[in-house]
Amino acid sequence: MDDVEWTQSPKPEELRVGLISWAGSYLTYETYKNIVTATARGLGRRQTWEILVSNQHDAQAVVRLRSFQGLYLLCEADGSLSYGRPRTSHHGCFLLRFHRNGKWTLQCIISGRYLESDGEDVFCNSRVLSAYHMWTPRPALHVHVILYSPINHCYARADPTTGRVWVDAPVPCLEECGFLLHFQDGCYHLETSTHFFLSHLDRLAPQPSSQTAFHMQVRPGGLVALSDGEGGILYPQGTRLLLGLGSSPHRGEEWFILQRCPTWVSLRSKTRKFLSIIYDVEVYAASEHVTPMSLFQFECDNESLTLQLRAANGCYLAQRHHRTVVANGHPMESGTFFHMHWNCGRIILQAPNGRFLGIIDNGLLMAKATIPGPNEEFGIRLANRPFLVLRGRYGYVGTSSEHDLMKCNMDQPDCIHLLPCRQGIYHFQAQGGSFWSITSFGTFRPWGKFALNFCIELHGSNLLTVLAPNGFYMRSDRSGTLLADSEEITKECIWEF
């Protein structure tokens, strides 16, 4: 396992950020007016920009800013800003400079003027740099993340028994590798899967405070570094790679690749045995307990719903001769792509030969059946997710002090603790220990006394749907209220987790 490279450096265009002005408002494209403003106070789709890098060197890069709609931030000769498609090779290009305090400045390549805001409007007027030209980048990826050290080729891992964080996990299959990245007052707080916080004191803290607040430096390509703002910076130290504050990192040890938390699952046959890799590559339904060799990374194409399952040995499940399925496939190999079907929270996998995966008498996994039956249905359980953080089209699912109903347009999410009931079925528990309840109108409250059944089905590597106890799919609504009233799966029913 240690010889397998589990991550790839993201392409520069894959980094999406929100840009926060000195006034605390976000750079926003107004879809219908073809203009750019800085009035929004939260990070949504219209405040999200892709950073496209054409040239990068040390503390600066030449970039373009592209929106979700595929249009660009454009600076005109008179200093005004527009939103559209570049007319020339340099139109829409900015010189992006990275400053020591983590701020960015964007200087128009053509005019030499800096991007700035007065708190509402955005323009490029001045060639003299000032505090009004500083923008704070905020990563726009889902807040459930992992941290990968490209120098040490390992992931950060929280250890609740010692209250420390180590950078020593070669494979990010453990729930301890996942962190929640909270953004508050311009700083970041890293929360572990057991709800402790990384602190300046090299030990986990039970509550967020000034001692758990970190400044973040962001670079195109997904690279981030965390500091305390007083000269200390986080990097792995010592022979055991303890993550702590220091002042003298070597060879770029302070830089991590920030990625969303991957999805690892376990699969269980109708005999209640877990699929596990035995004898290096053969796959059997043999284990009564979950082991590292019965965990699979769930990699799914969101459009075609083709699925690849990556085992802990670094290889993919692949259909081979005589309909056998073994764990020795490579990423682009056609035999590693399976079509998935769902039946009440249980998954059915169809191999490239058109046959369905099932378990034969000796427990071996094979692509044999032409019509799926109970033997071809597998129970699936999230292996590295003790909780869910859901993000929809309008924001995160969470609670607000101003409303008694669950909302779906929050900037900061609530954790939904998962209590497995049976395969694919979970009870949703709120942060205070009470259960989710549903009203006759299909709305939700977080203080129910009794556990209800929610059915989860995966629709992408980090996408899912939730079938609520009333028989309808849970969806986000433009009003901001979380609802369960959809008979079919629409875009508003798809949740990023």
Side-chain angles (χ1 to χ4, degrees), residues 44 142 144 263 265 268 298 300 302 305 340-348 372 374 377-382 385-497:
H142 190 280
H144 202 173
T263 302
V265 299
R268 207 172 188 181
F298 192 95
C300 178
N302 303 341
L305 291 183
M340 65 178 183
H341 310 272
W342 289 95
N343 183 23
C344 299
R346 302 178 74 85
I347 195 169
I348 301 167
E377 292 183 357
F378 294 92
I380 185 169
R381 184 163 291 175
L382 298 170
R385 305 290 182 120
F387 55 80
L388 289 179
V389 172
L390 298 180
R391 181 165 70 171
R393 291 178 65 81
Y394 310 110
Y396 287 99
V397 171
T399 52
S400 167
S401 58
E402 301 172 0
H403 303 88
D404 64 345
L405 299 176
M406 297 294 296
K407 306 295 287 183
C408 62
N409 62 350
M410 305 298 292
D411 187 60
Q412 297 293 332
D414 283 2
C415 288
I416 306 167
H417 290 273
L418 296 175
L419 301 181
C421 177
R422 55 183 184 272
Q423 299 298 326
I425 307 297
Y426 294 86
H427 301 321
F428 282 9
Q429 190 173 37
Q431 289 175 295
S434 57
F435 294 98
W436 275 36
S437 65
I438 187 168
T439 71
S440 58
F441 301 103
T443 55
F444 295 93
R445 291 191 172 96
W447 52 69
K449 293 182 180 179
F450 305 103
L452 302 177
N453 292 340
F454 292 82
C455 179
I456 292 175
E457 295 181 353
L458 303 180
H459 287 263
S461 297
N462 286 80
L463 300 175
L464 58 77
T465 58
V466 178
L467 191 63
N470 64 355
F472 292 95
Y473 286 98
M474 198 168 77
R475 69 173 181 91
S476 55
D477 188 73
R478 192 178 295 272
S479 68
T481 300
L482 183 66
L483 293 171
D485 63 358
S486 182
E487 295 182 2
E488 298 181 351
I489 298 174
T490 66
K491 289 183 179 180
E492 291 183 330
C493 300
I494 301 294
W495 299 94
E496 186 182 2
F497 71 100

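Note: hydrogens, waters and symmetry copies are ignored here, and every other heavy atom, side chains too, is used.
- Atoms OG1 and CD1, from Thr465 and Ile494 in turn, are 6.0 Å apart once rounded to the nearest 0.5 Å.
- Between Leu382 atom CG and Phe387 atom CZ the span is 12.0 Å, to the nearest 0.5 Å.
- Taken from OG1 in Thr443 to CG in Leu482, the straight-line distance is 9.0 Å, to the nearest 0.5 Å.
- Contacts classified as side-chain hydrogen bond (donor to acceptor under 3.5 Å, both in side chains) and involving residues 488-497 (residues at least two apart or in different chains) are given here: Arg260-Glu496, Arg391-Glu496, Tyr394-Glu492, Arg475-Glu492.
- For Ser434 against Gly448, the heavy-atom pair with the smallest separation is CB-O, 3.6 Å.
- Sorted by first then second residue, the side-chain hydrogen bond (donor to acceptor under 3.5 Å, both in side chains) pairs that include residues 446-456, not counting sequence neighbours, are His427-Asn453.
- Residues forming a ring-ring contact (aromatic ring centres under 6.0 Å, His included) with Phe444 (at least two apart in sequence, or on another chain): Trp436.
- Under the ring-ring contact (aromatic ring centres under 6.0 Å, His included) criterion, Tyr473 pairs with no residue at all, not counting sequence neighbours.
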Worked verdict on Met340 versus Cys300 for side-chain contact (heavy atoms from CB on, under 4.5 Å)
CA-CA 9 Å; Met340 65 178 183; Cys300 178; 3.4 Å; yes
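- Under the salt bridge (charged side-chain N to carboxylate O under 4.0 Å, His left out) criterion, Arg385 pairs with no residue, sequence neighbours left out.
- Between the side chain of Asp414 and the main chain of Val397, no donor-acceptor pair closer than 3.5 Å is present.
- In this structure, the separation between CG on Leu405 and OG1 on Thr439 is 7.0 Å, given to the nearest 0.5 Å.
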Run the numbers on Leu458 and Ile347 for side-chain contact (heavy atoms from CB on, under 4.5 Å), then give the verdict.
CA-CA 9 Å; Leu458 303 180; Ile347 195 169; over 6 Å; no
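- Of all heavy-atom pairs between Asp477 and Ser479, the closest is OD2-OG, 2.6 Å.
- Each salt bridge (charged side-chain N to carboxylate O under 4.0 Å, His left out) pair with one or both residues in residues 394-410, not counting sequence neighbours, appears once here: Asp404-Arg445.
- For His417 and Phe428, the ring centers sit 6.0 Å or farther from each other.
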